[in-house]
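Only one structure is covered here, and it is reproduced in the block below.
Proteins come first, then strands; the chains are lettered A, B, ... in the order of their sequence lines, and each starts at number 1.
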There are 4 protein chains.
Amino acid sequence: MNTLATHSVPLANAETRVPRRRRKDARPSELTAAALELFVERGFATTRLEDVAARAGVSKGTLYLYFDSKEALFKAVIEEGIVPTLVAAEQQLAEHSGSAAELLRKLLFGWWQQIGGTRLAGVPKLIISESRNFPEVAQYYHDKVILRGRALLRTVLQRGIADGEFRALDVETAIDVIIAPLLMLVIWRFSLCFCGQETDPESYLETHFDLLVHGLHRSQDGQ
Amino acid sequence: MNTLATHSVPLANAETRVPRRRRKDARPSELTAAALELFVERGFATTRLEDVAARAGVSKGTLYLYFDSKEALFKAVIEEGIVPTLVAAEQQLAEHSGSAAELLRKLLFGWWQQIGGTRLAGVPKLIISESRNFPEVAQYYHDKVILRGRALLRTVLQRGIADGEFRALDVETAIDVIIAPLLMLVIWRFSLCFCGQETDPESYLETHFDLLVHGLHRSQDGQ
Amino acid sequence: MNTLATHSVPLANAETRVPRRRRKDARPSELTAAALELFVERGFATTRLEDVAARAGVSKGTLYLYFDSKEALFKAVIEEGIVPTLVAAEQQLAEHSGSAAELLRKLLFGWWQQIGGTRLAGVPKLIISESRNFPEVAQYYHDKVILRGRALLRTVLQRGIADGEFRALDVETAIDVIIAPLLMLVIWRFSLCFCGQETDPESYLETHFDLLVHGLHRSQDGQ
Amino acid sequence: MNTLATHSVPLANAETRVPRRRRKDARPSELTAAALELFVERGFATTRLEDVAARAGVSKGTLYLYFDSKEALFKAVIEEGIVPTLVAAEQQLAEHSGSAAELLRKLLFGWWQQIGGTRLAGVPKLIISESRNFPEVAQYYHDKVILRGRALLRTVLQRGIADGEFRALDVETAIDVIIAPLLMLVIWRFSLCFCGQETDPESYLETHFDLLVHGLHRSQDGQ
DNA sequence: CATGAATGAGGTTTCATTCAT
DNA sequence: CATGAATGAAACCTCATTCAT
């Protein structure tokens, strides 16, 4: 009987039911999004779960329907922050073409588009601040994101060196030197931005890239 | 004076008193030193004042003889961390000689000797983590340390450009790019160091400097 | 009736419906049965309604269709636990025959058959544990079960004394002394049973009865 | 100097200092005493630590200076409740003389004087109510108190039987039967006392003892 | 000066209860 | 009828801060 009844009014029922269901499915990421913002703003320990819940538009107790504890929420925040990073890395890896320098340039700007310029850029600050209190999470992030990103850059640098496009220098440290300004950019965004000059990220990246490729020295041929 | 007064008292008493006196003067910096370590390790909110006191070898109550509150202790930690930085900057500024590149090299290594390689290097991590919760402190650090350090680099860069030694590039961003790997170095030391490869700071700095001056590109003269 | 009506519907539907209908009537006692077990196991306060519901195979919300609150459920548990006790008392009262001692023996073993050996024996433990938190319930139990049981025993004892079969002793205390080992038996079953020796209830009752009638002393006739 | 000063006013100083010290030493048992009362009254789960603290005249936080958790407090309550029981058992064991029946009588009344009639009598109720939630504690109580008490009675009964004073009956069950009314007495005191008749413990014990020794049956010699 | 016992505000977590579906 | 997502009061526990000694 019930089967019959719903059969004649399928859409109406479906429509009223969906919001509830969609809500439920969306909750976890609504909550981790709110948590990410607050954790980055105030730090993990200082953030009250009640505020996280409020920012996500639910009550304190609701949080516990989806996460076992504050720590579990933290882990979920990081995990959820990792996926897009990996996806972005994959994409950029795939779209390579042209010289090593050009590929490098693409990577820097692509990273900015998909990570550095979004709210996800808070994750690194979070990891830096909390890594000592959550070693497993830090390890996880290290293995999944940092090592992977470094591998990407290593490939590019080694190719550039092999092709004679780049000088033969210590690749690992070079990777550090490439990454550092990117991290500075996001750390700045979430830490000291409010107390100083505003830098334009795009031109910052441009100069970083220029400096990286050409160095400070004026070469013999003029510029 | 006190030493004289107690001079008639049995040795045992004298012995217990003198160290206490000497202790008394040293207390504040013993406490801030302990606090710096723990704040950097665990974060401000997660650090218990009892642990700070214990690490400094005193009782909880004693802390309040020297600092009005946990926040006051935090400010003292930062302030005390700033002085050596400024002193170091002064020294390096004074000892300039030779080319701009050489001066730059001296600055990087001097910073490592006096700041980056010491426990003081935890201060930046602390500032990054807590700046949003202590804006005045962050502002203070920004004005006293960051701006001053940047001014130093700006002078060097501008001199190099004026002398025709360096290319004419955007100085402010170049400063960022120079500083970033230094900060990465210390951030790494206090955050993710435990979960990955150990880099040798000296050679790291060397490569950083090399890359900074010459860039990635192989120049025409075949270097 | 319902069975007939659904008779034209496919079997699958009929099968799901009929049990549901039968279920519906049985629900309350299924729920109180589950609740009794859990309340006895864990105590009232420590038992979660969700667990009660789960043990009864329904959802949390369903419980509230049958009971207004956790307290109401508790009262229902006790009330439902009382009825069989009363019925048992009636039966035993009716089946009297023979000497007072024999009647007493019948009562003890009958009680074990119908109460002490069943899950209903948890009720006394529950009453003991929770009486201070639910005075009305305790009073109710006291009046309906305890007083009634005592009245039963009083009748038997008084008859025995009147007939010259028993000594003339303080009847009320004698009642206590008769009941105590029975309660110990059930309390043990639901409390400390797991940490000690297992006693056989039947032989326990036998010895209790024997001791009750004859006492410790060896009588002159050499028994 | 300080040593000298205190030397001339020894008692005054001692007297003002002592209260604080005595306070601190007395705190744990003040707290367990308060906790025992409330746990027995309301049950473990329903008792708020704030109320325990309040009854002991201190604040919530003070409790945690002496006990790690609510559970630790519970364990301390039981442990502290066990010691006097053991001590009492020792004493009664030592003061034996006369017939087995007389010894038995002494034990019953001694127990009432030192345990059953004091606040310690709440411990058994607590154990009964919470044993399932704290199996280790229950086991501990079982081993230290129950087994020990039974051993005491076993000795007496076996001696009585050996001497021909008592009939040869199942000793273990006899022990149960002796203990049961005692436990009923204390359980009653802490559970249902408020809803019924008040029994005089002394005469209750008297009848219990009388019944135990002589049984219900009127013996031939007309007693 | 130094201590550490005491306090109580505040945060995390649980769970009885409600209600839209 | 039945469900289970959502709520928020209430309890445990921590720890910055105070103060008597």
Quiz item: For C/Arg42 and E/dA16, what is the distance between atoms CZ and C1' respectively, to the nearest whole Å?
Solution: 16 Å
Quiz item: Are D/Tyr64 and E/dA6 close enough that a side-chain N or O sits under 4.0 Å from OP1 or OP2?
Solution: no
Quiz item: Which residue lies toward the 5' end of DNA chain E, C/Glu71 or A/Asp68, if each is placed at its nearest nucleotide?
Solution: A/Asp68
Self-check item: Listed partners of C/Ser129 passing side chain to side chain contact (heavy atoms under 4.5 Å, CB included), at least two apart
Solution: C/Lys125, D/Ser129
Quiz item: Do B/Lys70 side-chain atoms and B/Thr47 backbone N/O form a donor-acceptor pair below 3.5 Å?
Solution: yes
Anything under 3.5 Å between a donor and an acceptor, one on a side chain of residues 34-46 of chain D, the other on a protein residue two or more places apart or in another chain? List them.
from: D/Glu37; atom 1: OE1; to: D/Arg55; atom 2: NH1; distance (Å): 2.6
from: D/Glu37; atom 1: OE2; to: D/Arg119; atom 2: NH1; distance (Å): 2.7
from: D/Glu41; atom 1: OE2; to: D/Arg55; atom 2: NH1; distance (Å): 3.4
from: D/Arg42; atom 1: NH1; to: D/Asp51; atom 2: OD2; distance (Å): 2.9
from: D/Thr46; atom 1: OG1; to: D/Arg42; atom 2: O; distance (Å): 3.4

Exercise. Would you kindly give the NZ-to-C1' distance between D/Lys70 and E/dT13, to the nearest whole Å?
Key: 14 Å
Practice problem: Tell me which of D/Thr62 and D/Phe44 sits closer to the 5' end of DNA chain F, going by the nucleotide each one is nearest to. | Solution: D/Phe44
Practice problem: Select from A/Ser59 and B/Ser69 the residue whose nearest nucleotide in DNA chain F is closer to the 5' end of that strand. | Solution: A/Ser59
Practice problem: Nearest-nucleotide wise, let me know which of A/Ala45 and C/Ala45 is further upstream toward the 5' end of DNA chain E. | Solution: A/Ala45
Quiz item: Over how many whole Å does the gap from D/Glu50 atom CD to F/dC12 atom C1' extend?
Solution: 11 Å
Quiz item: Hey, are the side chains of B/Tyr141 and B/Val123 touching, using non-hydrogen atoms and a 4.5 Å cut-off?
Solution: yes
Practice problem: Could you check how far CG of A/Asp51 sits from P of E/dG11, rounded to whole Å? | Solution: 8 Å
Practice problem: Could you tell me whether the side chain of B/Leu73 reaches within less than 4.5 Å of the side chain of B/Asp68, counting heavy atoms only? | Solution: no
Practice problem: Taking the side chain as every heavy atom from C-beta outward, state whether C/Arg27 and C/Thr62 have any atom pair closer than 4.5 Å. | Solution: yes
Quiz item: Can you find a pair of side-chain heavy atoms, one from A/Ile78 and one from A/Phe134, that are under 4.5 Å apart?
Solution: no
Quiz item: Do D/Lys75 and D/Glu79 meet the salt-bridge criterion of a basic N to acidic O distance under 4.0 Å?
Solution: no
Exercise. May I ask you to say what A/Leu65 touches in the nucleic acid, namely base, sugar-phosphate or nothing, with a heavy-atom cut-off under 4.0 Å?
Key: base
Quiz item: On a plain distance test, is the side chain of A/Lys60 in donor-acceptor contact with the base of E/dG10 below 3.5 Å?
Solution: no
Quiz item: Among E/dG8, E/dT3, E/dT17, which nucleotide sits nearest the side chain of B/Val58?
Solution: E/dT3
Quiz prompt | Rounded distance in Å - CG (B/Leu63) to P (F/dT18) | solution = 12 Å
Quiz prompt | Nucleotide pairing, DNA chain F (Watson-Crick or G-U, distances under 3.5 Å), in dot-bracket with [ ] and | | solution = .||||||||||||||||||||
Quiz item: In whole Å, what is the span from the CG atom of D/Leu73 to the C1' atom of F/dA11?
Solution: 15 Å
Exercise. Round to a whole Å and report the spacing from CZ of D/Arg27 to C1' of E/dA5.
Key: 8 Å
Exercise. Have a look at C/Thr46 and say if it touches a base, only the backbone sugar-phosphate, or nothing, with a 4.0 Å heavy-atom cut-off.
Key: nothing
Exercise. Would you indicate which nucleotide in E/dT12, E/dA6, E/dT17 comes nearest to any side-chain atom of D/Tyr66?
Key: E/dA6
Quiz item: For the pair made of CG in A/Leu31 and P in F/dT7, what is the distance, rounded to whole Å?
Solution: 10 Å
